[in-house]
Amino acid sequence: MTIDWIAADWGTTNLRLWAMSGRNAVEARVLDRGMGGLRPDEFAPVLADGTAGWPAVPVIASGMVGARQGWIEAPYVAVPCPAIPHLVPVPGDPGGRPVRIVAGVSQAGPADVMRGEETQVAGLLSLSPEFDGIVCLPGTHTKWVRVSAGEICNFKSLMTGELFGLIAGQSVLRHTVATEGSNPQVFLAAVSDAMARPERGFGGLFQLRAEALLGDLDPIEARARLSGTLIGWELAAAKPWWLGCDVTVIGAPSLSALYAEALGAQGVPAARMAVEDATLAGLAAAHRQFLATS
């Protein structure tokens, strides 16, 4: 298949590249050259290295590459806004190819921002144009996005993933919590308890450490309880977004499964979509937008 454009998901840590033929990925590459470790003058050479051997075709990029500390700033588009990628050109056509960056989305009240997730929402809508409901995008900073009539209406960010990483990896609980594994029954019990009695969940965090010292608590059970507590608090905070709504979860398989299980226990069946599928569909929608305006 002929490569006619390049899709790029350029985050803080990694750069993911796909050589595209229409909507089909021909080849994929991953580089550990994320925005967080680059100066503005390094983005063009990194892109050239990452796309070596591919033709000089347009590049459509989303993610933190468009942050203020990124290659160029792609200013936020304020909600409510169409869930259609807004593209910002990188001056000079670096490497002899047009490069366009998808702008993030902002919300004035309450203040909130996102970069990258808007592309995944656009991908969902490009594949399911009639979708009307809530998109949950779990990750370091989970997003709950209200979508209606093809627009992003409003959204809410919660730092659940970052809190889990800090507590499980840097607090005293790092000695107690397993690095992987799950216990669905324990997880759902912790979700329910956190939603019903949040103060008890907070008081139970150090209890995990004490139980490990005094009662030989299984590290996988400790992980399930910690994850369930944090996601339970998140569901309580995000209840106006998911209660009585159609919900689609877009994220990594294991994390998406936890959110789908937690929502299902609240009587909300959630559809799931792979993050790569949503990202590529959103970047493909952005590429069509580029062709329409070029």
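Everything quoted here is computed from the prediction, not taken from an experiment.
Here the straight-line distance linking atom CD of Glu234 with atom OG1 of Thr229 works out to 13.0 Å at 0.5 Å rounding. Between the CZ atom in Phe131 and the OG atom in Ser148 there is a gap of 10.0 Å [rounded to 0.5 Å]. With rounding to the nearest 0.5 angstrom, the OH atom of Tyr259 is 10.5 Å from the CG atom of Leu137. Here the straight-line distance linking atom NE2 of His141 with atom CG of Leu158 works out to 10.0 Å at 0.5 Å rounding. Atoms OG1 and CG, from Thr160 and Leu255 in turn, are 9.5 Å apart once rounded to the nearest 0.5 Å. The distance from atom CG of Leu15 to atom CZ of Phe43, rounded to the nearest 0.5 Å, is 9.5 Å.
The heavy-atom pair separating Met114 from Lys143 by the smallest distance is CB-CE, 3.7 Å. Annotation for Gly181 and Ile220: closest pair C-CG2, 3.9 Å, computed over non-hydrogen atoms. Smallest separation of non-hydrogen atoms from Ala260 and Arg272: CB-CD, 3.8 Å. When all heavy atoms are compared, the tightest approach of Ile6 to Pro55 is CD1-O, 4.2 Å. Summarising the geometry of Ala122 relative to Ala83, their closest heavy-atom pair is CB-O, 3.5 Å, with the distance given to 0.1 Å. Taking every heavy atom of both residues into account, Ala168 and Leu226 meet most closely at CB-CD2, 4.1 Å.
For the pair Glu261/Val191, no side-chain contact is recorded, criterion being any heavy-atom separation below 4.5 Å from C-beta on. Using a 4.5 Å heavy-atom cutoff, the side chains of Leu163 and Trp233 are not in contact. Using a 4.5 Å cut-off on side-chain heavy atoms (C-beta onward), Thr142 and Cys136 make contact. Taking 4.5 Å as the limit, every side-chain heavy atom of Ser254 sits out of range of all side-chain heavy atoms of Glu180. Between Phe187 and Ser227, the closest side-chain pair of non-hydrogen atoms falls below 4.5 Å. Between Asp246 and Asp132, every side-chain heavy-atom pair lies at or beyond the 4.5 Å cut-off.
Atom CZ of Arg23 has 12 or fewer heavy atoms from other residues, nucleotides or ligands within 6.0 Å.
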Evaluation steps, side chain to side chain contact (heavy atoms under 4.5 Å, CB included), between Thr12 and Thr140
CA-CA 12 Å; Thr12 302; Thr140 303; over 6 Å; no
As a quick check of understanding, evaluate side chain to side chain contact (heavy atoms under 4.5 Å, CB included) for Trp18 and Glu276, giving each step before the final call.
CA-CA 11 Å; Trp18 296 269; Glu276 182 171 315; 3.5 Å; yes
Met20/Ile60 under side chain to side chain contact (heavy atoms under 4.5 Å, CB included): CA gap, chis, key distance, verdict
CA-CA 11 Å; Met20 303 293 295; Ile60 310 296; over 6 Å; no
Passes side chain to side chain contact (heavy atoms under 4.5 Å, CB included), Val65 versus Met35? Steps please.
CA-CA 6 Å; Val65 64; Met35 178 277 294; 5.5 Å; no
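Distance alone, capped at 3.5 Å, is enough to place a donor-acceptor pair between the Asp112 side chain and the Ser157 backbone. A distance-only check finds a donor-acceptor pair linking the side chain of Ser171 to the backbone of Leu173 [under 3.5 Å]. Looking at Thr279, its side chain does come within 3.5 Å of a backbone N or O of Val275 through a donor-acceptor pair. Listed for the Arg16 side chain is no donor-acceptor partner under 3.5 Å among the backbone atoms of Ala28. Side chain of Ser128 to backbone of Leu125: no donor-acceptor contact under 3.5 angstrom is found. In this structure, the side chain of Arg223 engages the main chain of Ala178 through a donor-acceptor pair within 3.5 Å. Without hydrogens or angle criteria, Gln107 side chain to Phe155 main chain gives a donor-acceptor distance under 3.5 Å. Checking side-chain atoms of Ser256 against main-chain N and O of Gly251 turns up a donor-acceptor pair under 3.5 Å. A side-chain donor-acceptor contact under 3.5 Å links Glu118 to the backbone of Gly116.
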Residues 68-82 side chain polar contacts: donor-acceptor under 3.5 Å, at least two apart:
none

Only distances under 3.5 Å count here; give the side-chain donor-acceptor pairs of residues 194-211 to other protein atoms, sequence neighbours excluded, each with its distance to 0.1 Å.
{"unit_1": "Arg197", "atom_1": "NE", "unit_2": "Glu199", "atom_2": "OE2", "d": "2.6"}
{"unit_1": "Arg197", "atom_1": "NH2", "unit_2": "Glu199", "atom_2": "OE2", "d": "3.3"}
{"unit_1": "Arg200", "atom_1": "NE", "unit_2": "Asp193", "atom_2": "OD1", "d": "3.1"}
{"unit_1": "Arg200", "atom_1": "NE", "unit_2": "Asp193", "atom_2": "OD2", "d": "3.4"}
{"unit_1": "Arg200", "atom_1": "NH2", "unit_2": "Asp193", "atom_2": "OD1", "d": "2.3"}
{"unit_1": "Gln207", "atom_1": "NE2", "unit_2": "Glu211", "atom_2": "OE2", "d": "2.8"}
{"unit_1": "Arg209", "atom_1": "NH1", "unit_2": "Thr176", "atom_2": "OG1", "d": "3.4"}
{"unit_1": "Glu211", "atom_1": "OE1", "unit_2": "Arg225", "atom_2": "NH1", "d": "2.9"}
{"unit_1": "Glu211", "atom_1": "OE2", "unit_2": "Arg225", "atom_2": "NH2", "d": "3.1"}

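Here Phe290 and Trp5 keep their ring centres 6.0 angstrom or further from each other.
Both Trp54 and Leu31 belong to a single network of hydrophobic side chains, linked directly or stepwise wherever heavy atoms of I, L, V, M, F, W or Y lie under 4.5 Å apart. Placement of Leu47 and Leu283 in two distinct hydrophobic clusters is found when ILVMFWY residues are connected by side-chain heavy-atom separations under 4.5 Å, directly or transitively. In terms of hydrophobic clustering, with Ile, Leu, Val, Met, Phe, Trp and Tyr side chains grouped at heavy-atom distances under 4.5 Å, Val88 and Val90 are assigned to a common cluster. Side-chain heavy atoms closer than 4.5 Å link hydrophobic residues (I, L, V, M, F, W, Y) into clusters, and following such links, possibly through other members, connects Trp144 to Ile231. The hydrophobic cluster containing Leu280 also contains Leu87, counting ILVMFWY residues as joined when their side-chain heavy atoms lie under 4.5 angstrom apart, directly or transitively.
Residue pairs meeting the salt bridge (Lys or Arg N to Asp or Glu O under 4.0 Å) criterion with at least one partner in residues 27-45, sequence neighbours excluded, are Glu27-Arg29, Arg39-Asp41, Arg39-Glu42.
Results of the side chain to side chain contact (heavy atoms under 4.5 Å, CB included) test with Trp241 over Val247, Ile134, Val145 single out Ile134 as the only residue that passes.
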